[in-house]
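Quick note: numbers below take in every heavy atom, side chains included, and nothing from hydrogens, waters or symmetry partners. Quick note on labels: first sequence line is chain A, next is B, and so on, each numbered from 1.
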Amino acid sequence: MEDMDMLEAVYERKSRMIPVGAQGGDFQPMMQWKEEESAMGMDELLAHAGYNVRASDLTHVAQRIEELDSLLGAAAPADILAQDTVHYNPSDLVSWIEGMLDELVPQQPTATSSSDMESVVTTITHQQQQQQLDFGGIPPPPPPFSSHQQQGYGAAFNPNVLYADQMDLSKNEVGVVASHSQIAASTTPRPASGSSSSTSPHGIPPHAAGGMASAAAMPTIQESDELSGVRLVHLLLACANAVQRGDLAAAGDMVAQLRMLVAHPSSSSSAMARVATQFVEALSRRIQNSCYNGGGGVGGGGDRQYHHHQSQQQQQRQQQFKEESSDPGNTNNGAMDEILHFHFYETCPYLKFAHFTANQAILEALEGHKSVHVVDLDLQYGLQWPALIQALALRPGGPPTLRLTGIGPPQPHRHDLLHEIGLKLAQLADSVNVDFAFHGVVAARLNDVQPWMLTVRRGEAVAVNSVFQMHKALVEEPSDGGNPAAGGNGGGGRRSSPIDEVLRLVRNLKPKIVTLVEQDADHNSPVFMERFMAALHYYSTMFDSLEACNLAPGSVEQMVAETYLGQEIGNIVACEGAARTERHETLTQWRIRMARSGFQPLYLGSNAFKQANMLLTLFSGDGYRVEEKDGCLTLGWHSRPLVAASAWECC
Amino acid sequence: MGTPRHNPIHDDMLLEVFKHLDAFSLARVSCVSKQWSGVARHEKLWESLCILHWPGAAAKRSRRSSGHKNPLGSGPVPACSSAQQIRAVVESLGGFRRFFFLHLGPMLKRNCCQSQPRSTWGRDEVNLSLSLYSIDCFLRGSSSNPGPLLKRKLSSLE
């Protein structure tokens, strides 16, 4: 019979599919099948036979053909021949089969048909709604969660499986890359699975036992996801504990376990797993360094960027990406940093919030002054300043003369980045008719900067701007072993700590305003475990917030954003001493420090608040919160503030 | 393409008609033919469309109030920039048409979807979109010839 031939053709086609990277499941991921198909998604072999079937439909088609076969066998020949309907275009197998089946069993209820369904169409987007969950012999992957669902450790889970109704499959947009995930065998097996998990000889998953999705089974899936998240965190903390104790052997074992855990497909797409990956690599780096240096600190050579390797379990692209960034001889280091910075600026609101809030404060403080000098303690790529130049150009009464002094670290290969940026800014200022002058200062560390380098002239109104830079001055000198928070008061040593030098330098400029934007977290505790836990919490929240940035999971943008943050994580966890430059402190700690150094707070006004909210509406999804705290603005994810912006003036 | 070649519609006529179109219609008509596309690109059209949406910023020309100290930004209403200033800035940053497509259009669309479906803006939205435009211009890099002001500066740059 023609149908049987068809069926065999389909089965044969599927049996020739080569399983790639089998994860121990019976079900072959759709992605591997797809790689053998043409770009259209049509099955080439069957196409030669004259039938157009999409590769992703193959299972479904095979099964429907079986059904049709059984029905035709059961039905009396006269019934079939008596039908008037003409079934057009058998080359479109899917609709042809549906038509035939409708013909034979017109009242076939949806519930019965779905009970036989075992094919899986997966999608990566959040918007696809789960239609049905069918639990077959195989434990199903986790159901799609809303992106705002908060788990115990702030992990959000991507929906990576969607069971589609058979009827709807042909109408679905099936051309989507699919990935399959399985719950680890060690997790709690679901109570609803009753049928055996035997495979048919052709590799098609067994038919499901039955039953639609039940709410009772959902919590179990949730639990197993939570369990893997919880397990990750426990293992991370245990590993960090071992590192702190000095038990490097145990720590090394745990790192290996962690690597396996995060590479497991069931958890590899969750935010928790992604942030854990970064922490695992940082921990392994720390262990390595401890082994080599006998427990000493890691010298960073003044390089303010931290690069670390990725494990093999990472996606290939990510590994290549990381290898490039970690190769010290790589001439593209500067380009890499630029890419990371720009991407992070575009995708996440943190840098934009920092720049715009600081600009607004500077604008308001420098109102009325004819001659204005802005000192930027870390020019980076100058993204903050075009907006200020434009705003000054539009100042009622005309723009002032603007001088900008940008401080930056020495670049590899004697590349004069500061000059380049200054030139671009000057061009922009020229086009909007703002009298502009740029001056670049190269300094490896902030406390190396001397006042004469900043060329402040008399009669100028000075504004000092520090975005994510001041914390780097909290590095205590190796000879001072004290708590950085207590440094500089004469008890620690004869030298004052770098931060006090920097703040003194700033104060001596007599600025009208000092804008300070910093991460709002305590990552500077001398106790490693405290630092580790604080950083884990902070960066988990940050990675969660990336979800709202409309980044497609697994995309380059997401990877870049994570790499950017991963550098910070690596520095906090793996480095010590002078190399550990990411010494974040909380807003409260900064307030105390600034007050001690002779500054008083300037309240950021409602304009800054409104502008921050507008930025969020424009660029980011729900979940971000701008809050005002005693005159400072904080940007956070739900209830956790992540970045704090404040303004100060001299007492 | 339907007009006979011996009797084309004159550019000025098209311009007059286009003056009455809203932004999205204007974008659509620029797809009709080369001539229409050329006329639809006219900066004046886009300028008036932009200004339509911010009457506050363009119309006001109040005197600047006395300076205010602490707290920032919450004193008496500061003066607005004049229309000439805004026009000069936008033109030098790349023109009104580009400004509309990059920033104003998307913002308007978003405003329509938001709870407050207002088609006119406040000063804040204008300033923000201008700032974003300036960043865009900075990233694109200036391709125009540097003026004499810049030539002098170039020699003093370190």
Side-chain angles (χ1 to χ4, degrees), chain A residues 342 345 352 355-356 359-361 363-365 367-368 382-391 393-399 416 418-419 422-433 435-441 513 602-611 614-615 617-618 631 647 649, chain B residues 57 60-64 66-75 78-82 85-86 88-94 103 106-107 110-111 114 122-139 141-144 146-154 156-158:
Chain A
F342 275 56
Y345 183 87
K352 288 197 272 268
H355 291 172
F356 276 85
N359 280 345
Q360 186 66 27
L363 262 177
E364 288 168 359
E367 185 111 4
L383 285 175
Q384 183 174 352
W385 305 116
L388 185 73
I389 293 174
Q390 168 267 321
L394 283 179
R395 204 170 75 158
D416 200 349
L418 290 175
H419 177 89
L423 196 58
K424 283 172 74 171
L425 286 171
Q427 283 175 338
L428 179 77
D430 185 50
S431 64
V432 293
N433 252 327
D435 197 357
F436 177 78
F438 177 80
H439 180 61
V441 175
I513 182 170
L602 258 183
Y603 275 41
L604 295 168
S606 53
N607 285 336
F609 186 82
K610 268 191 283 178
Q611 191 181 67
M614 253 194 283
L615 266 179
T617 338
L618 269 184
E649 61 174 359
Chain B
K60 285 212 171 69
R61 205 192 276 248
S62 49
R63 289 224 56 84
R64 188 156 49 92
S66 57
H68 45 272
K69 309 281 186 272
N70 264 351
L72 296 171
S74 56
C80 306
S81 6
S82 68
Q85 272 181 304
I86 296 184
V89 167
V90 175
E91 271 168 10
S92 50
L93 289 178
H103 301 292
M107 246 197 229
R110 217 176 284 256
N111 266 349
Q114 300 283 314
R123 213 169 19 91
D124 299 324
E125 281 94 342
V126 173
N127 287 333
L128 185 62
S129 50
L130 285 171
S131 299
L132 295 168
Y133 196 36
S134 66
I135 296 175
D136 168 72
C137 175
F138 172 71
L139 290 174
S142 166
S143 54
S144 55
L149 198 68
L150 182 58
K151 288 211 171 89
R152 261 188 292 124
K153 293 287 158 55
L154 280 173
S156 69
L157 277 178
E158 281 286 301

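Using a 4.5 Å cut-off between heavy atoms, A:Leu388 does not touch chain B at all. With a 4.5 Å cut-off on non-hydrogen atoms, A:Ala391 does not touch chain B at all. Contacts of A:Leu615 with chain B are made by both backbone and side-chain atoms, with heavy-atom separations under 4.5 Å. With a 4.5 angstrom heavy-atom cutoff, A:Phe356 touches chain B only via side-chain atoms.
Of the listed residues (A:Ile389, A:Leu383, A:Asn359, A:Leu418), the one with the most heavy-atom contacts under 4.5 Å to chain B is A:Leu383.
By the 4.5 Å heavy-atom criterion applied to side chains, A:Leu428 and B:Leu93 are counted as neighbours. No side-chain heavy atom of A:Gln390 sits less than 4.5 Å from a side-chain heavy atom of A:Val432. Considering only heavy atoms from C-beta on, B:Asp124 stays 4.5 Å or farther from B:Leu128 through its side chain.
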Take A:Asp430 and A:Phe436 through the side-chain contact (heavy atoms from CB on, under 4.5 Å) test and state the conclusion after the steps. CA-CA 7 Å; A:Asp430 185 50; A:Phe436 177 78; over 6 Å; no
Given the rule in the side-chain contact (heavy atoms from CB on, under 4.5 Å) test, do A:Tyr345 and B:Ile135 qualify, once you have shown the distances and angles that lead to the verdict? CA-CA 12 Å; A:Tyr345 183 87; B:Ile135 296 175; 3.3 Å; yes
